[in-house]
Amino acid sequence: MKMIKKHFILFIMIVVCIILLNQVILMKYGITLITYLKYSSPITKEEKEYLELHSPIRLGTDITSPPISYYDNEAKKYSGLIVDYVNFLSIETETAITIDMYTFYNLVEALRSKKIDVCDMFPSENRAKEFNFSIPIYRLKTVIISPKGNSPILNLTDLSEKKVAIPKGDLAAEYIDNILKKENKKLVNFIFVDDTKTVLELLKNGDVEAAVGDEVVISTYWKEYDVYETKKYDVTLLYEKDVVLAVNKNSDMLLSILNKGILQMKKNHIVSKVQQKWFGISESIRGEKKDFEAFINIAVILLFCMIALYIWNYFLKKRVLQKTKEIENTKKNINIILNNLNIALFIVNESNIVIECNKAALTLLSKERKEIVKKNLFELPFLSNLIKISDYIKLDTNLSHIFKNIIKNKCYEIKLSPYISNDEKFRILSIEDITEKLIAERKLHQENKLMTIGQISAGLAHEIRNPLGTIRNGLYLIKMKTSNESLEKAVVMMEHAIQRINNLIEHLLRFSRVSADKCSKENIETIIKNILTLMKTRLKAKNIQCDLILKSEPIVILNIETINIILINLIENAIDAFSEDKGNNLIKISVSSNSNLLNLLIEDNGIGISEEEIDYIFDPFYTTKEEHGTGLGLYLVYNEIKKYNGDISVESKYGVGTKFLVSIKFE
């Protein structure tokens with residue numbers, strides 16, 4: 001238990017360390033620990049070969065977004081944060097990167113048509129369907145600008161049905177529409193223009209009620225309109241999102257190279273320096289927080305983990321105490337149950353030493369507990385006579401075993417089962433006096449036979465009456481002193497009649513006789529025909545045809561007592577399934593055997609069994625025969641089959657018929 005606890009604490013510490021490290025990486029670089037580890041490795045040989053084949057990399061950016069990217073008319077060249085950023089990225093990836101500038105909508109189209117390889121953009125779910133994105137490079141805020149007035153735009157939903165200017169292709173339009181749809185608001189009437197400057201012109205001229213754009217770009221253009229001095233407009237933050245580099249699908253190699261370059265620049269603090277140049281020192285990007293803030297965040301996480309561990313430990317201790325109490329109560333209850341059983345129980349170790357026993361065991365041996373516990377099993381006289389040590393030692397300790405033995409006119413059932421323990425191998429020895437049980441079973445079997453004989457006795461009387469009539473006629477011929485030829489015929493007729501009566505009586509006696517539980521080689525065909533002979537009158541009464549199908553050799557090893565019980569009850573049930581003479585009443589008995597396995601299939605086209613009744617037919621005293629049913633027939637059949645580890649299944653459809661399949665192996 002202590003070892004498990006140590007390993008668990010170690011596991012918790014490792015998990016906490018991983019969480020903390022992931023948080024530090026997330027704060028510093030804006031990516032998870034897994035992503036960090038994936039792109040911290042140098043550019044591979046395959047990636048270098050890719051760059052040689054695809055150099056230079058063509059990067060596109062928005063020409064209308066100063067100070068991020070724009071055309072410097074004075075210097076006559078492209079300028080901005082992205083341009084500086086790309087120059088450093090070219091150094092880190094050791095490959096040439098060219099820059100082309102478009103308006104944003106045309107920029108996306110250029111990437112889509114593969115005129116360029118890479119461009120910068122905000123990621124979104126819809127864009128992700130077309131493009132793959134790099135790790136974040138910097139963050140931008142997008143804002144809503146609206147004139148101050150009687151109906152100010154204080155949040156996004158206030159834009160519903162308003163006329164709003166926005167650069168064509170800007171993610172903000174998709175973002176606003178999605179929010180308004182969720183809120184069940186009417187959509188915005190967007191006025192799409194080519195650049196942010198035009199957006200502000202429309203707003204200034206009063207052509208629109210609001211404008212949307214990136215904060216740093218709007219700040220740059222605002223200075224031209226003297227907005228800071230006039231204070232005529234409200235500014236509302238729409239969102240703050242990462243800016244990433246986008247590539248076309250199936251450009252995994254290029255994406256990996258870009259990610260490695262971006263991460264390396266972040267490690268070298270190039271990103272922060274470029275951003276401070278263009279956005280000012282007060283602006284910060286994700287991953288450029290000060291050490292003190294990072295320390296505070298880590299301390300908060302540690303404190304949270306410590307509190308969580310304390311709470312978890314408190315509730316764990318409480319749970320352990322509760323479970324311990326439950327186990328103690330369960331143990332007491334089990335002891336009460338075991339001591340009230342009539343079955344003697346012994347727990348025995350590998351050395352055959354008794355380590356525990358119940359009250360029934362003390363009663364069985366007529367000894368005190370101290371005289372049994374810690375004693376060798378075979379030093380106790382009664383047990384040594386009941387269980388032979390030579391047989392006991394041979395038994396597999398990992399399996400359960402059941403056997404019977406008779407001592408002093410009493411039959412005992414002995415069960416040996418493995419006992420689960422981490423320290424040592426034990427066995428559970430149970431001894432039950434089943435004498436009365438066997439007597440009761442035998443009486444039940446015999447009573448069932450007598451009841452069956454009672455049911456078929458009327459038919460037997462009829463079967464005997466016919467040959468008696470033949471004998472009476474023969475005697476009449478003798479009295480009349482007819483010719484010798486007639487007398488000879490009369491004698492033959494009487495002999496056949498007497499033989500028929502004798503056979504009927506023999507079948508009845510054989511069926512009613514109490515037999516032993518021994519198996520022997522018998523002719524299954526003869527057994528079935530004998531049973532059908534006894535039931536001949538009942539079969540005739542309902543005009544039932546009975547077909548016997550033998551699919552293998554008739555000589556099989558079986559227990560006559562068991563087979564009689566099975567066949568008599570199943571055939572009786574089949575006969576009772578016919579409530580009237582339909583003209584096509586049929587019972588089929590199919591027999592097949594393989595080695596010691598005997599398969600019996602008894603089918604009828606009688607009334608069948610309903611779905612509600614079929615689950616209960618093997619229960620004792622359950623019957624649907626109101627006049628003469630006892631509910632014991634199928635119960636006895638089931639127990640006889642299970643006694644030999646056999647199996648019985650039933651298929652029935654009400655109004656169609658029933659099938660009983662019996663598989664039993666006699667050894």
Side-chain angles (χ1 to χ4, degrees), residues 26 29-31 35 59-70 80-83 85-86 89 99 101-112 116-145 156 159 164-182 188 190 192-196 199 210-221 235-249 251 255 258-259 262 266 271 274-275 278-279 283-288:
L26 192 62
Y29 301 111
I31 55 177
T35 306
L59 185 139
T61 188
D62 187 358
I63 197 170
T64 64
S65 300
I68 298 171
S69 54
Y70 65 99
L81 177 140
I82 286 294
V83 175
Y85 199 85
V86 168
L89 186 61
I99 298 177
M101 291 195 178
Y102 305 80
T103 57
F104 183 76
Y105 178 77
N106 293 323
L107 172 66
V108 176
E109 289 297 322
L111 180 62
R112 192 176 285 131
I116 57 175
D117 303 310
V118 183
C119 76
D120 59 316
M121 65 169 63
F122 284 127
S124 73
E125 288 186 11
N126 284 337
R127 290 175 178 178
K129 295 174 183 177
E130 290 187 83
F131 311 115
N132 288 334
F133 303 125
S134 72
I135 61 177
I137 47 178
Y138 61 93
R139 286 178 76 79
L140 275 182
K141 295 177 182 177
T142 298
V143 295
I144 305 167
I145 313 163
L156 190 148
L159 293 175
V164 178
I166 190 170
K168 188 177 182 182
D170 197 307
L171 177 66
E174 177 188 332
Y175 180 83
I176 293 169
D177 280 347
N178 288 338
I179 296 296
L180 291 178
K181 286 176 183 177
K182 290 179 181 177
V188 174
F190 284 115
F192 293 103
V193 297
D194 288 335
D195 53 53
T196 305
V199 166
V212 175
D214 296 333
E215 183 190 35
V216 291
V217 179
I218 287 174
S219 296
T220 301
Y221 285 126
V235 179
T236 305
L237 178 65
L238 182 60
Y239 55 69
E240 183 178 5
K241 289 182 177 290
D242 290 316
V243 176
V244 298
L245 296 181
V247 299
N248 284 301
K249 295 286 185 179
S251 301
L255 186 64
L258 293 172
N259 282 336
I262 294 168
K266 288 191 174 189
V271 176
V274 172
Q275 180 139 344
W278 291 99
F279 294 167
E283 296 286 347
S284 65
I285 63 169
R286 175 182 290 176
E288 301 299 329

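What you see is a predicted model, and the numbers here were worked out from it, not measured in a lab.
- The shortest non-hydrogen separation linking Leu156 to Tyr175 is CD1-CE2, 3.7 Å.
- Listed here is the closest heavy atom pair of Tyr221 and Pro66: OH-CD, 3.3 Å.
- Closest approach of Ile135 and Asn259 over heavy atoms only: N-OD1, 2.8 Å.
- The number of heavy-atom neighbours closer than 6.0 Å to OH of Tyr105, taken from other residues, nucleotides and ligands shown, is 12 or below.
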| So Thr142 and Glu215, side-chain contact (heavy atoms from CB on, under 4.5 Å) or not? Walk me through it. | CA-CA 5 Å; Thr142 298; Glu215 183 190 35; over 6 Å; no
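- Note that CG of Leu81 is 11.5 Å distant from OG of Ser65, once rounded to the nearest 0.5 Å.
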| task | Before giving the answer on side-chain contact (heavy atoms from CB on, under 4.5 Å), spell out for Arg127 and Met121 the whole-Å C-alpha distance, their side-chain angles and the decisive distance to 0.1 Å. | result | CA-CA 10 Å; Arg127 290 175 178 178; Met121 65 169 63; 3.7 Å; yes
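- Taking 4.5 Å as the limit, some side-chain heavy atom of Val83 sits within range of a side-chain heavy atom of Ile99.
- Contact annotation: the side chain of Pro167 never approaches that of Phe104 to less than 4.5 Å [non-hydrogen atoms, C-beta and beyond].
- Between Tyr85 and Ile137 the shortest heavy-atom distance is OH-CG2, 2.9 Å.
- For Phe192 against Ala173, the heavy-atom pair with the smallest separation is CE2-CB, 4.0 Å.
- Expressed to the nearest 0.5 Å, how far OG1 of Thr196 lies from CG of Asp170 amounts to 7.5 Å.
- Note: Glu240 CD to Lys141 NZ = 5.0 Å, rounded to the nearest 0.5 Å.
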| said: Ile144 vs Val164, test: side-chain contact (heavy atoms from CB on, under 4.5 Å). Steps then yes/no. | reply: CA-CA 9 Å; Ile144 305 167; Val164 178; over 6 Å; no
| request: Please step through side-chain contact (heavy atoms from CB on, under 4.5 Å) for the pair Val271 and Tyr29, ending with a clear verdict. | output: CA-CA 10 Å; Val271 176; Tyr29 301 111; over 6 Å; no
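- The shortest distance between side-chain heavy atoms of Tyr138 and Ile68 falls below 4.5 Å.
- Taking CG of Leu59 as the start and CG of Leu245 as the end, the distance is 6.5 Å to the nearest 0.5 Å.
- Across all non-hydrogen atoms, the minimal contact from Val188 to Ile176 is CG2-CG2, 3.8 Å.
- For Lys182, the NZ atom is loosely surrounded, since the number of other residues' heavy atoms within 6.0 Å does not exceed 12.
- Among residues two or more places apart in sequence or in another chain, the side chain to side chain donor-acceptor pair (under 3.5 Å) test is passed with Thr35 by Thr32.
- Listed by chain and number, the residues in a side chain to side chain donor-acceptor pair (under 3.5 Å) with Thr103 are Asn106 (sequence neighbours excluded).
- Asn132 contributes no side-chain N or O that, together with a main-chain N or O of Ser251, makes up a donor-acceptor pair within less than 3.5 Å.
- Asn248 has its side chain out of reach of Glu130: every pair of non-hydrogen atoms, C-beta onward, lies at least 4.5 Å apart.
- The structure places CZ of Phe131 at 9.5 Å from NZ of Lys249, a figure rounded to the nearest 0.5 Å.
- Of the options Val217, Asp195, Asp194, a side-chain contact (heavy atoms from CB on, under 4.5 Å) to Thr64 is made by Asp195 and by none of the others.
- From Thr61, atom OG1 reaches atom CG of Leu107 across 6.5 Å, with rounding to the nearest 0.5 Å.
- With contacts defined as side-chain heavy-atom distances shorter than 4.5 Å, the pair Val216/Leu140 qualifies.
- In this structure, the side chains of Val243 and Phe122 come closer than 4.5 Å at one or more pairs of heavy atoms.
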